[in-house]
Amino acid sequence: MLGAGVREIGGRVELLDLPEPDGPGPGEVVLEVAAAGVGNWDDIVRSGGWDVGLTPPMTLGVEVAGTVVAVGSAVTGLRPGDEVLGHPLPLRHQGCWAERVVVDADLVVAKPPNVAWETAAAFPVPALTAEQVLSESLRVAENETLLVHGAGGATGGLAVRLAALRGARVIATAGPASAARVAEAGAAEVVDYHDRSWPDRVREWAGGDGVDTALNAVAGGSADALVAVREGGRLATITGDPPPAARGISVANFYVRPDAAQLAKLSALLGEGELSLPVGATLPLAEAAAALERAVGGAKGGPVVLLTKS
């Protein structure tokens, strides 16, 4: 079985010839992988900064879309032939950048039949991140004002749409190339982040005092986002750079977690067309190193996905 990963922590990404996965345990399923997501978080795994349950040599990848080919004895909700997607942590036999993978059956959900494999593979981490940060870290309510800093990216764009669906008033930062898409997702106004005075423009839009809540999705951007938040407001960052709290603003440093119930609802919204996720590039498994480099460098046009079948 072919996979792509590392032979040692911090090592270069390369193709690995691995043994076929053992038959699934009682609560597990074996997936034939159609596509796997690639994100900057995979480089954190590669470099040893995120323990996903395995040690090298190991394949990388924490997002998967594929077809069930075997089910464990205790699995009742899935059967061979089912098409699923998931964020299956902790990893079991190997990571998701492989031709087949063993996963916890409770951590995958049905893939909508009208959703392409590459979209399904890139969806779990950004969708779960957006939902969890809005509903749990920020507790965004109807009619509250929300800033999404970095709405041109996958997570930021999904956050705009999810916040709009719950009735929040959203202002977003994005570059000119993605401004129209962000506005279509539900942002009431889109501010060009190249304008260094953008935090002041956000405050003006919110009536002068600043927004109620802010989600920072730009590396190194949380301090600027904090400027745009009103006294006593709330800010969450997903880039590991929480600023010191000021003016009574609560600050959260957010990390995503697997949640099948949330993912099932999000996947249904994707299938209904309420959510969308443009994919920037698809590469074969043999080009995993280039795919990761592209993701770490800030992929343009959407997330990067590995296809395991030619």
Side-chain angles (χ1 to χ4, degrees), residues 126-127 129-239 241-243 246-252 254 266 269-270 273-278 280 298-303:
T129 301
E131 172 60 29
Q132 290 170 10
V133 76
L134 291 176
S135 63
E136 299 170 14
S137 292
L138 293 175
R139 306 178 306 283
V140 175
E142 185 177 4
N143 293 323
E144 281 196 311
T145 53
L146 168 71
L147 162 68
V148 178
H149 182 30
T155 303
L158 288 168
V160 168
R161 183 59 181 159
L162 288 169
L165 287 173
R166 65 177 62 204
R169 295 174 56 229
V170 183
I171 184 169
T173 70
S178 53
R181 172 169 52 83
V182 172
E184 185 177 354
E189 186 167 343
V190 182
V191 178
D192 189 345
Y193 64 84
H194 294 100
D195 178 357
R196 295 186 63 84
S197 67
W198 71 259
D200 296 327
R201 291 187 58 190
V202 173
R203 293 184 69 88
E204 292 169 5
W205 175 85
D209 294 330
V211 294
D212 299 313
T213 61
L215 164 58
N216 174 60
V218 176
S222 60
D224 285 338
L226 190 73
V227 174
V229 180
R230 66 167 172 80
E231 182 175 347
R234 309 183 297 282
L235 178 142
T237 182
I238 63 173
T239 56
D241 59 345
R247 297 182 288 118
I249 299 170
S250 66
V251 175
F254 177 81
L266 293 163
L269 290 173
L270 182 67
E274 290 288 355
L275 296 177
S276 62
L277 182 63
K300 304 298 183 183

Please round to the nearest 0.5 Å and tell me the distance separating atom [atom1] of [X] and atom [atom2] of [Y].
X      : Y      : atom1 : atom2 : answer
Trp198 : Ile171 : CH2   : CD1   : 9.0 Å
Leu235 : Asp212 : CG    : CG    : 12.5 Å
His149 : Asp224 : NE2   : CG    : 5.5 Å
Leu269 : Leu165 : CG    : CG    : 6.5 Å
Leu162 : Leu266 : CG    : CG    : 6.0 Å
Trp205 : Leu147 : CH2   : CG    : 9.0 Å

- request: Walk me through it: do Glu144 and Arg234 pass the test salt bridge (Lys or Arg N to Asp or Glu O under 4.0 Å)?
  value: CA-CA 11 Å; Glu144 281 196 311; Arg234 309 183 297 282; 2.7 Å; yes
Give the minimum heavy-atom separation between [X] and [Y], together with the two atoms involved.
X      : Y      : answer
Ala172 : Ala151 : CB-CB, 3.6 Å
Ser137 : Ala236 : CB-CB, 4.1 Å
Pro199 : Val227 : CB-CG1, 3.9 Å
Leu277 : Ala154 : CD1-CB, 3.7 Å
Ala130 : Thr155 : CB-O, 3.9 Å

field: Pairing of Arg169 and Glu189 as salt bridge, 4.0 angstrom limit
entry: no
query: Should the pair Arg166-Glu142 be classified as a salt bridge under the 4.0 Å nitrogen-to-oxygen rule?
result: no
message: Looking only at side-chain N and O atoms, does Asn216 offer a donor or acceptor that is under 3.5 Å from a partner on Ser222?
response: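 The criterion, which ignores hydrogens and geometry beyond distance, is not satisfied for Asn216 and Ser222.
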message: Looking only at the side chains, is there a donor atom on one of Thr173 and Asp192 sitting less than 3.5 Å from an acceptor on the other?
response: no
field: Check against side chain to side chain contact (heavy atoms under 4.5 Å, CB included), Phe254 and Thr129
entry: CA-CA 8 Å; Phe254 177 81; Thr129 301; 3.8 Å; yes
message: Please determine whether side chain to side chain contact (heavy atoms under 4.5 Å, CB included) holds for the pair Glu231 and Asp209, giving the CA-CA distance in whole Å, both sets of side-chain angles, and the decisive distance to 0.1 Å.
response: CA-CA 8 Å; Glu231 182 175 347; Asp209 294 330; over 6 Å; no
- request: With Val211 as reference, evaluate Val229, Leu146, Val148 under the side chain to side chain contact (heavy atoms under 4.5 Å, CB included) test and give the passing residue.
  value: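 Option passing the side chain to side chain contact (heavy atoms under 4.5 Å, CB included) with Val211: Val229.
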